[in-house]
Amino acid sequence: MKKVLIPLLFLLILLSSCANSKKKINIIIEGDVASPSFPIKIQVKNINNYTLKFFDENGLEIKTENTGDNYYFKNLKTGKNKILINVFSENKKIYEKAVKIFFDNVAPNIAFLNYYMKDGMLNITASSPATDLKNFILKTDDKQYTFNINLKIPISKNSGIIDYKLYAEDKYNNISKEKIIEIDTNKDEKPKIINNDLKISLFGETNIKVYDDWTPEEDLKILLKTDKKSYSIINIDEVLLEDTKEGTLIVIDNGNNITQKKINISVEKNLPSIPSGNPRLIDYSVDTFGWNYETDVDSYVVETPYKYGWKTELESKAAYARILDANVAMIRKKSKYGTLSYPSQPTIRFSGNFVHLVRNILESSEDNLYLPQINSEFLIGGKTVLGENSVVMVESGSVLKFVSNSQLVIKGLFFIMPGPGKSLISGNGEIIVDGGILIASKTILDKVNIIGKNAKLIYLEDSEFLEGSDLLSSNDFRICLYNTLGYKNNLNFHNTEEIYIKNSSFNNLNFQNVNIFESEKSSFSNMNIDGLTNIYLNNTTVKSIKQHSFSWSKILNSYVDNLELSGYSRSVLYKSNITNISTDTSVVIK
């Protein structure tokens, strides 16, 4: 009896031990999608020495390969699979678990492929309908590239035939069949002309779209030939003088390959009008503002000042915008030719916290100040500095009076508001816009000079310079003078970036190293221009223009008594009446 009980007791202990070990085993599975190249991670906890075997629903063993805990399934059917995971220890099955795995062994396909050479670069665009696409792979004998939609890689000319192999790869590492891209680098094709029509702006900007396989776009020689004349990119805007509607576009690459194409020509003859209806003031609690939508516009450009001038904050076809980081914005229309209108009235974003000036003395301040008309006249004595973060609003109809030889230095924003009455700034003094912004509406300047010193903006509208008041601009970024009179006053611009004068009259205008000057419906006695100036005059009357040293002008529908060009300057005249013209090593085109 004792001999029978001992084996039975041992068997019970063994079964109990197996049952306990079975309860302790824990299988951790990461992932439920597999492919022949994408594993399922399987870990067995609470046991050291074990092997795994996998079986399908029919009891047939599934072939796998593993690297550590990563198991690659080789012969599952595509789609959903129910498999059994068996854990073996010392050749005995000690645990079993059923799981569901989706098996993806379908490679993505390349549905679209386009490639071409441009500027010595191979440009590739590819797409696949696969929803689980990871990327495309481009291979050569010694290099490999990955990309999502577009790829651009440099290729050396005259290096023989290069074969590229393109694959699509999904996120489960299934790879498509290859597509071969063959590039013969010894071939030099003719340039390509994309556009069928040509829109030419007043300033010579065009919609020309051309490219070549090896020659960079900036090195292509582009000519426009009409029945009367041939034009290069430099003087292509002179086709305005012809009134022609057809021409031939000619493109020549560095290998002297020539492409010609008949195109329709349209030329812009007027600037877009200034956008209207934008609010002058919006509180910081409001960041969206709008203006009147008009049909003669391709898009609107919203510009804001920054350290080096004015930048495009956004471009939109909608007639509203948001400003978040700037305290001033200006809107400009953009025509279908790409030409921008004059800047609009500034929109000012202000803080609701202002200190009302109850004294009649304006002193240096870093605060936001409000100068009510009822408390004027306001006296400015000595050197009064308004700080960089200061916003000063002056109510319409106010009077500001300088004590003799005093200075008002504007580092922030100074706004003389529009209204029914006119504001007056008088006395022997100077307004120095030192990196700040001056905006004045309906303001009379009497013996007060405005001096720009790295000003972001000097904007005057419906205003008047009395005798003894001039404007001296130095290194300013933008100056706008709209509906402003100064018959006996002089405007001096040195290294100024942009100047816009509309519906205004002044005595002498002196320009030195100015970037852009545009005038419309205005009149001046004399204009003296020296260097680096692009000039556009429309419906403008000038007694004398002296244009020297690489200055370019376009004079439309205007009247000039004397036009004197020297120092390789250039002037294009369109429907303008010029009484006397004198040139010296310069060009006048009528």
Side-chain angles (χ1 to χ4, degrees), residues 27-43 52-58 60-85 97-155 161-185 189 192 194 209 211 213:
I27 296 181
I28 299 175
I29 301 174
E30 295 183 19
D32 57 1
V33 180
S35 79
S37 302
F38 191 83
I40 297 289
K41 187 175 183 179
I42 303 173
Q43 293 178 298
L52 298 181
K53 291 185 179 181
F54 305 88
F55 299 89
D56 64 15
E57 294 177 288
N58 299 319
L60 299 176
E61 187 172 357
I62 300 168
K63 292 181 181 180
T64 62
E65 295 178 0
N66 71 292
T67 303
D69 295 331
N70 293 319
Y71 288 82
Y72 296 86
F73 293 85
K74 299 299 181 181
N75 60 337
L76 291 178
K77 70 178 187 294
T78 300
K80 294 180 180 179
N81 290 264
K82 183 178 181 181
I83 66 173
L84 296 173
I85 304 175
K97 184 172 184 176
V99 296
K100 292 181 180 179
I101 291 177
F102 189 91
F103 191 65
D104 183 355
N105 63 346
V106 178
N109 68 310
I110 302 173
F112 174 81
L113 172 62
N114 182 47
Y115 60 91
Y116 59 92
M117 288 296 303
K118 180 182 178 183
D119 303 347
M121 307 285 287
L122 173 60
N123 293 258
I124 300 174
T125 301
S127 67
S128 170
T131 57
D132 57 356
L133 182 73
K134 182 167 68 175
N135 52 240
F136 293 98
I137 302 171
L138 185 71
K139 291 183 178 181
T140 61
D141 293 337
D142 57 349
K143 291 183 180 179
Q144 178 172 310
Y145 308 89
T146 59
F147 65 99
N148 292 324
I149 299 174
N150 302 302
L151 177 67
K152 183 185 291 187
I153 57 174
I155 296 181
I161 296 175
I162 303 177
D163 287 332
Y164 294 90
K165 295 178 181 179
L166 181 68
Y167 305 89
E169 180 182 24
D170 66 22
K171 64 182 181 181
Y172 302 110
N173 299 334
N174 295 302
I175 297 178
S176 70
K177 294 180 179 180
E178 67 185 29
K179 282 186 179 287
I180 303 296
I181 298 175
E182 183 180 276
I183 303 296
D184 187 351
T185 65
E189 302 286 351
K192 307 292 189 300
I194 306 301
K209 297 177 182 178
Y211 73 91
D213 47 3

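Side chains are part of it too, since the values below use all heavy atoms of this structure and drop only hydrogens, waters and symmetry mates.
Looking only at atom types and distance, the side chain of Ser35 has no donor-acceptor partner in the side chain of Asp104 under 3.5 Å away. Of the N and O atoms on the side chains of Thr140 and Asp142, at least one donor lies less than 3.5 Å from an acceptor on the other residue.
With hydrogens and angles disregarded, no donor-acceptor distance shorter than 3.5 Å links the side chain of Asn58 to the backbone of Leu60. Between the side chain of Lys171 and the backbone N or O of Asn174 there is no donor-acceptor pair closer than 3.5 Å. Of the possible polar contacts, none joining the Asp69 side chain to the Gln43 backbone as a donor-acceptor pair under 3.5 Å is found. Within the 3.5 Å criterion, the main-chain N or O of Tyr172 finds no donor-acceptor partner in the side chain of Lys134. Formation of a donor-acceptor pair under 3.5 Å by the Ser128 side chain with backbone atoms of Asn109 is found in this model. Judged purely by atom type and a 3.5 angstrom limit, Asp170 has no side-chain atom pairing as donor or acceptor with the backbone of Pro108. Checked by atom type and distance alone, the side chain of Asn81 pairs as donor or acceptor with a backbone atom of Gly79 at under 3.5 Å.
Atom CG of Asp141 is surrounded by 12 or fewer heavy atoms from other residues, nucleotides or ligands within 6.0 Å. Enclosure of atom NZ in Lys152 is not indicated, since only 12 or fewer non-hydrogen atoms of other residues, nucleotides or ligands lie within 6.0 angstrom. Other residues, nucleotides and ligands contribute over 12 non-hydrogen atoms within 6.0 Å of the NZ atom of Lys97. Atom CD1 of Ile153 has more than 12 neighbouring heavy atoms from other residues, nucleotides or ligands inside a 6.0 Å radius.
If you take CG on Asn123 and CG on Asn114, they are separated by 9.0 Å, rounding to the nearest 0.5 Å. Between the CD atom of Gln144 and the CG atom of Leu138 there is a distance of 9.0 Å, given to the nearest 0.5 Å. Annotation: the span from Lys74 atom NZ to Glu65 atom CD amounts to 4.5 Å, rounded to 0.5 Å. For the atom pair CD1 of Ile101 and CD1 of Ile83, the computed distance is 3.5 Å after rounding to the nearest 0.5 Å. Taken from OG1 in Thr64 to CD1 in Ile40, the straight-line distance is 12.0 Å, to the nearest 0.5 Å. Atoms CG and OH, from Asn66 and Tyr72 in turn, are 9.5 Å apart once rounded to the nearest 0.5 Å.
In this structure, Tyr167 and Glu178 approach most closely via the heavy-atom pair OH-OE1, 3.0 Å. Pairing each heavy atom of Lys82 with each of Glu57, the nearest pair is O-CG, 3.5 Å. Counting all heavy atoms, side chain and backbone alike, Asp32 lies closest to Lys100 at CB-O, 4.1 Å. Closest approach of Asn75 and Lys63 over heavy atoms only: OD1-N, 2.9 Å. Residue Ile175 comes nearest to Ala107 through the heavy atom pair O-CB, 3.3 Å, listed as atom of the first residue, atom of the second, then distance. Closest heavy-atom contact between Ile137 and Glu169: CD1-OE1, 3.2 Å.
Between Tyr211 and Tyr116, the ring center distance clears the sub-6.0 Å criterion.
For the ring-ring contact (aromatic ring centres under 6.0 Å, His included) test, no residue two or more places apart in sequence or in another chain qualifies with Tyr115.
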Next item on the list: Any chance you could lay out the side-chain hydrogen bond (donor to acceptor under 3.5 Å, both in side chains) test for Thr78 and Asn105, step after step, and finish with the verdict?
Entry: CA-CA 6 Å; Thr78 300; Asn105 63 346; 2.5 Å; yes

Checklist line | Criterion side chain to side chain contact (heavy atoms under 4.5 Å, CB included) on Ile155 and Met121, from CA distance to verdict | finding: CA-CA 6 Å; Ile155 296 181; Met121 307 285 287; over 6 Å; no

Next item on the list: For the pair Asp132 and Val33, evaluate side chain to side chain contact (heavy atoms under 4.5 Å, CB included) and give the outcome as yes or no after the intermediate values.
Entry: CA-CA 12 Å; Asp132 57 356; Val33 180; over 6 Å; no

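Exactly one of Phe38, Phe54, Phe103 qualifies for a ring pair (Phe, Tyr, Trp, His ring centres under 6.0 Å) with Phe73. That residue is Phe54.
No side-chain heavy atom of Phe136 sits under 4.5 Å from any side-chain heavy atom of Leu151. Between Ile27 and Ile42 there is a side-chain heavy-atom pair separated by less than 4.5 Å. In this structure, Leu122 and Met117 have side chains that are in contact, with non-hydrogen atoms separated by less than 4.5 Å. Between Ile85 and Ile29 there is a side-chain heavy-atom pair separated by less than 4.5 Å. Side-chain contact check for Ile124 versus Tyr145: every heavy-atom pair is 4.5 Å or farther apart.
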